[in-house]
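Labels below follow one simple rule: chain letters A, B, ... track the order of the sequence lines, proteins then strands, and each chain is numbered from 1. Source: prediction; values computed, not measured.
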Amino acid sequence: MSARDYKPTLRLPDSPFSMKADLAKREPQWLERWKSNATYRAAMDAAILPPFVFHDGPPYANGDMHYGHVLNNTLKDFVTRFRLSVGHSVRFVPGWDCHGLPIEQNIERKLGAKKRELSTQQLRALCRDEAQKWVQIQSEQRQRIGMLGTWDEPYLTMQPRFEAQVMRALASFVDKGLLYRGRKPVWWSTAERTALAESELEYEEGHRSPSVYVRFAATQSAVDLLAKRFPTMRHSNVSLSAVIWTTTPWTLPANRALAVNPALEYVLLERPNDAGLTEYLLVAAALAESFIKACGWGAPESLPRTMHGAGEPLLGAELVGLAFLHPFESRESPIVSADYVEATAGTGVVHTAPGHGRDDYMTGTRNGLVVDSPVDDGGAFTEELGPVAQSWGLVGKHVFDGNPIIVEQLAALGVLCNRAGEEIVHSYPISWRSKKPLITRATVQWFIALDEPMASGAHQGRTLRDVALTEIDRLAAEGHAAAAAERDACGWVPAWGRERIHGMIAARPDWCISRQRAWGLPIPALHCVSCEKATITRALIEHVAAIVQAKGADAWYDPEVDVIPAGFACEHCGKSDGFTRDQNILDVWFESGSSFFAVCSEGKDLRIPVDLYLEGSDQHRGWFHSSLLVGIATLDQAPYNTVVTHGFVGEKVQRTLPDGRVKEQLVAISKSVINEKKSRGEDVSVYDPMKVIATDGAEILRLWVASNDFTGDVGLSARGFQQVREGYRAIRNVLRFLLQVLRGESPTPIDQLGHDLEPLDRWALGRLSALVTHCEQSYRRYEFRAVIGAVTEFVSDMSGFYLDVSKDWLYNDAPSSPRVRSSLAVIDAMARGLAMVLAPILPFTAEDLWDHLPKRTDDPTSVHLCRWKSLAEVSDFDALAQSVADIRAIRERVQGALEPMLQAWGAEKSGATKEQREPGADSARWPESARIDHARDVHATVEITLDESSRIAALGPVLSECLLLGDLTLRTGDSRLPPVIARGSTVACVRCRRRLPNVAASTSLCPRCTHAVDAWDAAQP
RNA sequence: GGGCCUAUAGCUCAACCGGUCAGAGCGCCCGUCUUAUAAUCGGGAGGUUCCGGGUUCGGGUCCCGGUAGGCCUACCA
C-alpha cells in the first residue's frame, strides 16, 4: 500500500512576490504609476496636520548628480515622506542655483574668442540655456532616486519672480542702513576679472612665490633715536635700515608703512655692506639668525654682529612713529604698531600695503594711511604707480610678471638683502574655477555691514552680527529643550552645528555682495553722472523689482527699458537726471540666501520661517549662513527652525603610517581618481551613482544612505555596497515570507481579534508595536540609521524565532485553527507595519510589498497614501517578553546539548552512501537511536527551575514548538543539569514529521494532522 | 596657524545619567533542512573600545595631552 501524499493538504508558503527584486527595471514603472496617479498630490491633499515647510537648498545647475547629491537628496526624501505619512502637508519645492561664475565660464570656454562679439544680453541668454539644460538633467536624476517634489513647479534663481524677490530682500538691508559702498581689499581673480567670495577660494599647496628681504633706509630722526638706544653704534659713514620680508614684491609700490609688534624685541645687526661701509639692519631679535642665514651671511667674514639695546631690550613699541624711506619712491613709510606681527617668519618688520591685504587695510585705516592699489581688473599695473615704478616699464604688465622686474631693480638699487630669484614654497589662495593665483586688491564694492547698528526693525540699534549670534543661540536652546522633552528634534542637528556657525558668524568680515560679472542678478543702483556717486533706495529697488518681475533681470541691460522711477534724485547731489546703471551683479550666495523669502513667503502650504533646512556641513558657511543674515534683514529672525547637516561622501583608502599603523583616509571621488582606476582595470561602476541605479536600483543607494551615520563622513566602497545588497535581501526575504504565509488571504484585522490572540502572537505584536514606536521617534530625530537598524534586528528576530516556530501550525494546522487565525492576523499586521515603517526609506520595496498584500476595502491604492499608525501596546507584553526570554534560554541549553550530536551524525552521514544512511542499515556505525537529522526528531528532557516553570506557563502549550523539538518533557529541578537528548522513540507523523506519542498506526498521522486532513477532505468538492 | 567634529570586531553600526563577561547585522568558518531554496535554521572564530596620562570604588563613556581623518577658515607678510 503506497502512502498518501499529504503535501496538497499542507498550507505551504505561496506568493508571487519574488525574491528577485529587479529594481533597476521596475522602479521606473512605479515612478510612472505614482506620477500618473498624482500620488504625491493626493498625499498632500489628505493632510490633517499643519504644513511642514521643508525648503530645498538649491544645487548648482552644472554637471550630473554626484554622491553628495545622492546623500543629500535621499536624506531629504526620507524626511518628506515620513512627514507626509504622519499627516503633514509637505510641499517640497525643488530648486536650482542658476547664476554664477561656473556656468558663465563654461559658456566663455565654448565661445572662445567669439565672446567679445556678444552683448551682455546675448551672453546671458546662452548662460540661461546652459543652466536650463542642467536643471532638466538634474531634475530627472533627482526624480529617479525616488525623490518627492513639485517637479513641474521648481524654483530657479533665474526666474523673474525669484529675481524680483531677491531684490526686495536687498531692500531690507537698505532699510536697515546696512548696505554700503566702500573701497576695500578683496580677493581678486585676475583671470576671471572679478572679486571672489570667501567660499570661492581654494588653496594650492606647494605654490612658489619670490622671497625677498628689502631694506628700508632710516630717516635722520630714526637714526638719532636708535643711536640713543644703541650707544655702541657708530655715527658717520654708516647706513641704517629696517628690513622687511615679502613674497609679493609687486605690492611694494603700494607700500605705505612698516608694521612691528609692540611687544617684540628688536635688535640691530652690524655688518660691512657691499661698499665696505658699515650698515645697521633693524630686525626682530628672535628672527635675526634665520634672517642672516636666508641672506647667506653665515660666513665668518660677513657674519653680522648683533647689538641689543643698552640696558633694556628695544621693544617694538618704542619704534612706532619712526619714519623710514620707501625703497624706491620718494616718500616715507612710518613704523606702525600691529598685534598680528609674529616672530615666526620674516624679520618681524612687516611691509604694509593697505590696498593689498585685509590686515594691511585695517592697519592703514587706524593710522590714516593712503589706500592705493595701482592694479586694474586684469591684474596689470596702472598709471597710479609712483614715478620710479613707472620708469621701470611696469604699467600694463601683469603683477606676477612685474615681480621679477621689481626684484631686479631692488637688487640694482642695493636694497635687496638676499639674492634675486629666491623662492619659497607655501600654500597660496587660488580661484576655485581657473585655479589661477589670486591677489588682494582694493576695489570699490558693495558691502553689507555686520557691525553697524541697524536703522530700523525689531532689532533697531543692534548690529547684524549681534542679532545673528543671538538667533543661533535661540535655535540651539530650542533644540536642547526639545531633546530634553523628547520632542521632535529641532534647532541645530547635530547640536554642534551651533558651534560651527557661531564661530563663523563671529569671525566673518563685512559681506562683500558685489561681483563684476554678467551672469547674475544686477545690483539695482544708479550712478550720478555729475557727482559720480551711487544711489540705492527702497523706492528704486521696488521700481526695478517690478520691472524684473515682469521682464526678467535682462531688462537692466536693455537701454530701451526705463529703470528710473518718477521723482528719483541723486542722494548725494540732488540732481534728478543723468544716471548710469550699476554694472555689478549680486553674490550668488545672496540670491540663494534669499531663497526662503523668494519661495516660501507665500503660497499654499508654505510659510516663513520654514521648518527645515537640510544640507552638507559646508553650508554652515554657505547657505545656512547667508540665509540667516537675509532672514534677520527681512524677518528680524532666523528663517528656519531646524538645520540638519550631513557629512561628505568619499572613498575610504588605506594608508600605512610611518609607525606601521594602518589608517583610513577619505578620498573625494574625482574624475581623475576614477580614470586612474579605470586604467588599472578596476571596477569603477560603484563610483557613478547613476550607474548604480541602472544596475542595482535607487533603492540600494537609499538603503546605503540610511545604513550610514550621515553626520560624519560616509565611506564608499564596493564591499560596502555588497553589504547593503545583502542587507536588502535579508529584509526583502522576510517580507516575502510574510506574504507567502498569508497566501493572498485577508485575515481578520488584529484589532477585531482582540483577546483571541495567542500569547506568542501577542508577544510578536508587542515587538512590532515597539518597533513602530521606535521608528517613529527615530524619524522625528532624523536618525534614519536607527530605523534600519531596528528593522534589521526585528526582521532577523522574527525570522529566526517567531516565524520559524509558527511554521508548525501555519503549515500543518487546519486553516480554521484559532492559532492559525491568530498568527495570520499578527503576520498581516507585521507586513503592514513594515510597509509603513520602510516606506520613507524604501518607497519602491514598500509599494511592492503593498501591491502583494491582501487588501481590505478601506486600503488606499498606494502605501504612500497610508497614514502612519502606531499600534496599541500589548498589555501583558512585559510578562510575555520574560517568558520568551526564558524559553530562549532553555532553547540555548537544549541546542548546546544537541549541536554536538547533530554535527557528529552530520559528519558521519556525509561520509556514507545513501543506502548506508537508511535506518537499520548494517554498515552505518551509528545505532539508529543516535541518528538525529533534525531537532524535530528529538525527545528532550529538560530540567528547569520552579521560577522558570511559572514564568513560561503562558507559552506552555507551544513550548516544544518554541524549542523546535519533536517532543519535550519538562521537569522542575536543577536547571544546571544538561538536557537529555534522545531520538524520539515514537513514530513520526508522515504529515508534520514530528515524533509524537499518539500517531495513528493506520494513517501514520498525529491527531492534529488527522483533523487537518479531514477538514481538507471535507472542503474538497 | 585657527574653529568645529570624528575615532568601538574584516565591514556598517549599538551600548540611557560613568556600573554586570562591550552587543547586533553583514562577511568568514563548520553543520543542517529540502515544509521560506537567487532561501531557511543551528553553532563557531573575530575587539589593548586610536595612543598616553588624570579624576573615580569603577572609564568605551568624563578631563588633559598626543596621533590619524573630515569640513570650514587664515594676517605664512
Side-chain angles (χ1 to χ4, degrees), chain A residues 7 10-13 15 18-20 198-199 201 203 244-248 251 259 338-342 344-347 349-353 356-360 362-363 424 426-429 494 496-504 506-508 616-618 620-622 645 647-648 650 652 655 657 659 661 663-666 704 707-709 711-713 715 717 719-720 722-727 729-730 733-734 736-737 740-741 785-786 788-789 792-793 795-796 799-800 803-804 807-808 810-812 895-896 898-900 902-907 910 933-936 964 991-993:
Chain A
K7 206 161 185 174
L10 294 170
R11 200 176 172 287
L12 292 179
S15 167
S18 115
M19 200 46 216
K20 187 184 172 194
E198 298 89 57
S199 50
L201 305 188
Y203 289 83
I244 62 97
W245 176 57
T246 182
T247 59
T248 53
T251 61
D339 293 335
Y340 56 81
V341 174
E342 290 175 353
T344 50
T347 61
V349 182
V350 174
H351 152 56
T352 299
H356 293 303
R358 196 181 289 165
D359 266 355
D360 293 21
M362 292 198 299
T363 304
I424 70 151
H426 59 162
S427 86
Y428 191 84
W496 47 255
R498 182 258 169 205
E499 317 304 327
R500 244 174 106 81
I501 195 164
H502 193 276
M504 289 170 180
R508 70 156 300 145
S617 62
D618 54 338
H620 283 118
R621 173 146 299 263
T645 46
F648 293 81
K652 289 208 165 163
R655 201 164 66 85
L657 299 179
D659 61 3
R661 283 181 302 162
K663 281 283 168 183
E664 270 190 348
Q665 198 174 354
L666 208 70
W704 168 72
S707 306
N708 279 274
D709 175 12
T711 62
D713 300 311
S717 66
R719 181 162 46 176
Q722 188 51 37
Q723 189 179 321
V724 171
R725 280 186 215 104
E726 293 302 329
R729 294 169 59 81
N733 190 51
V734 172
R736 180 182 66 145
F737 188 59
Q740 285 180 330
V741 169
R785 155 72 223 174
I788 288 303
T792 303
E793 195 196 335
V795 142
S796 136
S799 176
L803 294 171
D804 199 33
K807 279 191 284 195
D808 176 75
L810 286 171
Y811 292 178
N812 300 307
Q895 219 87 47
L898 178 58
E899 182 66 21
L902 284 172
Q903 295 254 354
W905 171 230
S910 60
D933 292 314
H934 193 274
R936 169 191 325 114
L964 298 161
R991 186 164 170 275
C992 71
R993 301 178 183 184

Taking any heavy-atom pair under 4.0 Å as a contact, classify [X]: base, sugar-phosphate, or nothing.
{"X": "A:Arg991", "answer": "base"}
{"X": "A:Lys7", "answer": "sugar-phosphate"}
{"X": "A:Thr352", "answer": "nothing"}
{"X": "A:Asn733", "answer": "base"}
{"X": "A:Arg719", "answer": "sugar-phosphate"}
{"X": "A:His351", "answer": "sugar-phosphate"}
{"X": "A:Glu726", "answer": "sugar-phosphate"}
{"X": "A:Gly800", "answer": "sugar-phosphate"}
{"X": "A:Phe648", "answer": "sugar-phosphate"}
{"X": "A:Arg993", "answer": "base"}
{"X": "A:Trp245", "answer": "base"}

Would you say a side-chain N or O of [X] is under 4.0 Å from OP1 or OP2 of [N]?
{"X": "A:Thr246", "N": "B:A77", "result": "no"}
{"X": "A:Asn708", "N": "B:C13", "result": "yes"}
{"X": "A:Arg936", "N": "B:C41", "result": "no"}
{"X": "A:Gln740", "N": "B:U37", "result": "yes"}

Integer angstrom distance from the [atom1] of [N] to that of [M]:
{"N": "B:U48", "M": "B:C28", "atom1": "P", "answer": "23 Å"}
{"N": "B:C72", "M": "B:U56", "atom1": "P", "answer": "42 Å"}
{"N": "B:A74", "M": "B:A22", "atom1": "P", "answer": "47 Å"}
{"N": "B:A45", "M": "B:C51", "atom1": "C1'", "answer": "27 Å"}

Proximity to the side chain of [X] - top-ranked nucleotide from [options]:
{"X": "A:Thr247", "options": "B:C41, B:C72, B:A77", "value": "B:A77"}
{"X": "A:Ser617", "options": "B:C71, B:A36, B:A38", "value": "B:C71"}
{"X": "A:Met19", "options": "B:U12, B:A38, B:C5", "value": "B:A38"}
{"X": "A:Arg500", "options": "B:U40, B:C11, B:C71", "value": "B:C71"}
{"X": "A:Asp618", "options": "B:U40, B:U12, B:C71", "value": "B:C71"}
{"X": "A:Glu899", "options": "B:C41, B:G42, B:C5", "value": "B:G42"}

Within a strict 4.5 Å, meaning less than it, do heavy atoms of the A:Leu12 and A:Gln740 side chains meet? no
Note, A:Arg991 side chain near A:Asn812 side chain (heavy atom, < 4.5 Å): yes
Distance in angstrom units between A:Leu12 CG and B:U37 P, rounded: 10 Å
Taking all atoms of both residues into account, what is the closest heavy-atom pair of [X] and [Y], and its distance?
{"X": "A:Thr645", "Y": "A:His620", "result": "CG2-CE1, 3.4 Å"}
{"X": "A:Ile788", "Y": "A:Ser707", "result": "CG2-OG, 4.3 Å"}
{"X": "A:Val741", "Y": "A:Leu810", "result": "CG1-CD1, 3.6 Å"}
{"X": "A:Val350", "Y": "A:Ile244", "result": "C-CG2, 4.2 Å"}
{"X": "A:Trp704", "Y": "A:Gly715", "result": "NE1-O, 3.7 Å"}

Side-chain donor or acceptor of [X] under 3.5 Å from a matching atom on the base of [N]?
{"X": "A:Arg508", "N": "B:U73", "result": "no"}
{"X": "A:Ser18", "N": "B:A38", "result": "no"}
{"X": "A:Glu793", "N": "B:G25", "result": "no"}

With a 3.5 Å distance limit and no angle check, can you tell me whether A:Arg500 reaches the backbone of A:Ser617 through a side-chain donor-acceptor pair? yes
By salt bridge (Lys or Arg N to Asp or Glu O under 4.0 Å), A:Arg498 pairs with (sequence neighbours left out) A:Asp473
Paired and unpaired positions of RNA chain B as dot-bracket, Watson-Crick or G-U wobble under 3.5 Å, | denoting a partner strand: (((((((..((((.....[...)))).((((.........)))).....(((((..]....))))))))))))....
Is B:G46 in the syn or the anti form, by the rule that syn lies within 90° of 0? syn
Quick one: on RNA chain B, does A:Leu10 or A:Gly503 contact a more 5' nucleotide (nearest heavy atom)? A:Gly503
Between A:Arg621 and A:Asp618, is there a side-chain N and carboxylate O pair less than 4.0 Å apart? no
